[in-house]
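In what follows, a single structure is set out as structure tokens and then discussed.
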Amino acid sequence: MATGQIFSRTTQALFYNYKQLPIQRMLDFDFLCGRETPSVAGVINPGSEGFQKLFFGQEEIAIPVHSTIEAACAAHPTADVFINFASFRSAAASSMAALKQPTIRVIAIIAEGVPESDTKQLITYARANNKVVIGPATVGGIQAGAFKIGDTAGTIDNIIQCKLYRPGSVGFVSKSGGMSNEMYNTIARVTDGIYEGIAIGGDVFPGSTLSDHILRFNNIPQVKMMVVLGELGGRDEYSLVEALKQGKVNKPVVAWVSGTCATLFKSEVQFGHAGAKSGGEMESAQAKNQALRDAGAIVPTSYEALEAAIAKTFEKLVGDGKVTPVKEVKPPQIPEDLSSAIKSGKVRAPTHIISTISDDRGEEPSYAGIPMSSIVEQGYGVGDVISLLWFKRSLPRYCTHFIEICIMLCADHGPCVSGAHNTIVTARAGKDLVSSLVSGLLTIGPRFGGAIDDAARYFKDAYDRGLTPYEFVESMKKKGIRVPGIGHRIKRGDNRDKRVELLQRFARTHFPSVKYMEYAVEVENYTLSKANNLVLNVDGAIGSLFLDLLAGSGMFSKQEIDEIVQIGYLNGLFVLARSIGLIGHTFDQKRLKQPLYRHPWEDVLYTK
């Protein structure tokens, strides 16, 4: 492996299996280091394509998303690092696919638990093709001031504290990602900081070894000394011992192997990593530390003494003129995300939507302040839910029952009315449910089911102004306006709409007052004197009775009643009810497998 530097300020990576936080941390590190281009060239998310929006400093950028490794490598030929965030189940297969791409030079496998047999195959292929594998079970690596993998070095605050935004003189390698963060801090306190740091991962068979990276560091001119943090278990450290004995390393190496406390336990101890388990005396931390010491590495007497050993080694290099301390620079301020800034109370931001009828925060959604569980447990019906979501209050039971009756009576009026006809024609054209429903709903208007609000509006205005039915009807006639809620194509004075009779009977029995309905009946009596089809229709009945509901319940002010009528609440009741029937007609046509509808010629008057 050997060679030298594997990252630079222009290194770009492909990120496998989209994870927003580690990618954003990479981009924030880029900005902190003053990179001109983002280090993430593209994302690979199997089965999806497009873009993901992220921040590069204050600028929002779109990073391409590719569905396959091959497509990503073809689109980004200069991206030579593959960061694999796949699960342990698919990490090996996706890593091998990446290794086989000619553009990929370095792979970092984050997942723990990758089968050892799969890892061995990856190692064999990588070494045969002169490629580098970091991991599995790794946090990754970092070149200070240039490039970092995923979550390496943790938060931006930690990166700044460890001075990783600019290169230092120390090459560092360990098995543990967590201990790497600790050591970056330690090294920054007593030296000019890290030049490159690698966590090879804690599995039994790492893709690259401690000695692989030490030998690499030895070939990098900017690295003046190396720090190694090993652990008990395995024999990886002995390859470094051999390299030191053979004189392959000519720079100071400060080393420590953790796990010396294992001897205090009576039985064999498994530490955090899969490989951190002593398999005999040679794999103990004590034996490894002594072997490294005998080979020429600087090995302290304890982990606590490691910092002092690093400091002493660095000071000697400075004293010998081999290291010129790095001039400190102030890194740029990373813009804080709006969500965290709001949470910390640093900024105020206006909301974009106001909602007063429901709230989906907390343990469960609520309608007008009433939790969903209470609505179910207290036996609320559809009318009660409408009263909460439309009127923002719990109306008396007779009111919600009336609403439910209106829905039942208006749900459908056969296949021949215009709304149902349009829905049927659309469904037979092979369109989906929503398209068929909407085609019927769009028919609702002044001539079909949409006159409830107008009926309520005109009846209320006439009654409140004290107009007689004669004055009201004749004034409408002079304006050229048909009286909304009056008139029917089929029903007559001697053949009343059963739905209207049912609504009137319910209201006379349960409503405290039916003054508006009685006024509408008086208007009907007058219009019937003019034509036998000018009966009070269901729109007029619902419109007048809803006025009585609002006024008689004592729960609405005059201003609120005017607003409800003006906004279109009452037409909403017809829209809601008729949607049930229109959906039914759609299902009926689909179930019957009806063909495309074509209107018959004989039903069309062709004329010039």
Side-chain angles (χ1 to χ4, degrees), residues 47-51 65 67 353 357-358 381-383 385-386 389-390 403-456 482 484-492 495 497-500 502-503 533 535 537-543 546 567-608:
S48 64
E49 294 181 345
F51 294 88
V65 177
S67 60
I353 293 177
I357 65 170
S358 62
V382 172
V385 171
I386 291 172
L389 291 177
W390 290 17
I403 291 173
E404 291 169 357
I405 291 173
C406 290
I407 292 172
M408 289 188 287
L409 295 180
C410 295
D412 191 47
H413 201 195
C416 297
V417 295
S418 57
H421 178 80
N422 282 0
T423 288
I424 289 169
V425 171
T426 306
R428 288 177 62 166
K431 300 290 285 185
D432 60 276
L433 170 63
V434 174
S435 299
S436 302
L437 170 63
V438 168
S439 68
L441 291 177
L442 290 174
T443 313
I444 296 174
R447 297 183 181 179
F448 170 64
I452 301 177
D453 281 309
D454 283 341
R482 294 182 180 182
I486 295 291
H488 203 285
R489 287 179 59 85
I490 299 174
K491 298 301 179 181
R492 299 289 186 269
N495 179 27
D497 191 330
K498 190 70 175 177
R499 297 176 298 174
V500 173
L502 288 169
L503 290 169
N533 70 325
V535 294
N537 59 37
V538 72
D539 292 348
I542 292 175
F546 237 104
I567 288 175
Y569 274 56
L570 309 187
N571 278 352
L573 198 62
F574 184 84
V575 171
L576 175 62
R578 192 50 58 94
S579 293
I580 298 172
L582 297 178
I583 291 171
H585 284 297
T586 301
F587 292 155
D588 191 40
Q589 297 304 306
K590 299 286 188 183
R591 183 172 55 247
L592 295 172
K593 297 179 174 58
Q594 290 296 286
L596 179 68
Y597 175 83
R598 180 180 174 86
H599 203 71
W601 289 335
E602 57 269 23
D603 196 38
V604 177
L605 173 61
Y606 294 95
T607 180
K608 296 181 181 179

Exercise. Can you list the steps and then say if Ile444 with Leu441 is a side-chain contact (heavy atoms from CB on, under 4.5 Å)?
Worked result: CA-CA 6 Å; Ile444 296 174; Leu441 291 177; 4.0 Å; yes
Exercise. Going by heavy atoms in the side chains, are Leu409 and Leu503 under 4.5 Å from each other?
Worked result: yes
Exercise. Do the side chains of Asp412 and Leu582 get nearer than 4.5 Å, heavy atoms only?
Worked result: no
Exercise. Given the rule in the side-chain contact (heavy atoms from CB on, under 4.5 Å) test, do Val535 and Ile486 qualify, once you have shown the distances and angles that lead to the verdict?
Worked result: CA-CA 5 Å; Val535 294; Ile486 295 291; over 6 Å; no
Seminar exercise, completed: When every non-hydrogen atom of Glu49 is compared with those of Ser67, the smallest separation belongs to OE2-OG, 3.1 Å
Exercise. With a 3.5 Å cut-off and no angle check, do the side chains of Ser439 and Asn422 form a donor-acceptor pair?
Worked result: no
For this session: Please check if the side chain of Arg492 supplies one atom and the backbone of Asn533 the other of a donor-acceptor pair under 3.5 Å.
Result: no
Problem set entry | pair Val604-Tyr606: side-chain heavy atoms closer than 4.5 Å | yes
For this session: Applying side chain to side chain contact (heavy atoms under 4.5 Å, CB included) between Cys406 and each of Leu570, Leu573, Ile452, report the one that passes.
Result: Leu573
Problem set entry | Student check: side-chain heavy atoms of Leu437 and Val434 closer than 4.5 Å | no
Seminar exercise, completed: Heavy-atom closest pair (Asn495 atom, Lys491 atom, distance to 0.1 Å) is O-CD, 3.2 Å
Exercise. Considering all heavy atoms of both residues, which atom of Val538 and which atom of Val500 are nearest to each other, and what is their separation?
Worked result: N-CG2, 3.6 Å
Exercise. How far does CG of Asn571 sit from CG of Asp453, to the nearest 0.5 angstrom?
Worked result: 4.0 Å
Exercise. In Å, rounded to the nearest 0.5 Å, how long is the span from CD1 of Ile424 to OH of Tyr597?
Worked result: 9.5 Å
For this session: Identify the heavy atoms of Thr443 and Ser418 that sit nearest to each other, and give their distance.
Result: CG2-OG, 3.1 Å
Exercise. What is the minimum heavy-atom distance between Gly383 and Glu404, and which atoms define it?
Worked result: N-OE2, 3.0 Å
For this session: Please answer whether the main-chain N or O of Ser436 pairs with a side-chain N or O of Thr423 as donor and acceptor at a distance below 3.5 Å.
Result: yes
Problem set entry | Side-chain (Tyr569) to main-chain (Trp390) donor-acceptor, under 3.5 angstrom | yes
Exercise. Is the shortest heavy-atom distance from the side chain of His585 to the side chain of Thr426 under 4.5 Å?
Worked result: no
Problem set entry | Lys431 atom NZ, over 12 foreign heavy atoms within 6.0 Å | no
For this session: Start with the C-alpha gap between His413 and Phe448, add the side-chain angles, then the distance that decides, and say whether ring-ring contact (aromatic ring centres under 6.0 Å, His included) holds.
Result: CA-CA 11 Å; His413 201 195; Phe448 170 64; 9.0 Å; no
For this session: Quick one: do Asn537 and Arg489 satisfy side-chain contact (heavy atoms from CB on, under 4.5 Å)? Show the steps, please.
Result: CA-CA 10 Å; Asn537 59 37; Arg489 287 179 59 85; over 6 Å; no
For this session: Spell out, as yes or no, whether a donor-acceptor pair under 3.5 Å connects the side chain of Gln594 to the backbone of Arg428.
Result: no
Problem set entry | Residue of the set Val575, Ile542, Ile405, Leu576 for which side chain to side chain contact (heavy atoms under 4.5 Å, CB included) holds with Cys410 | Ile542
For this session: Could you tell me which non-hydrogen atom of Ala451 sits nearest to which non-hydrogen atom of Gly485, and how far apart they are?
Result: CB-N, 4.5 Å
Exercise. Does Ile490 CD1 have over 12 foreign heavy atoms under 6.0 Å away?
Worked result: no
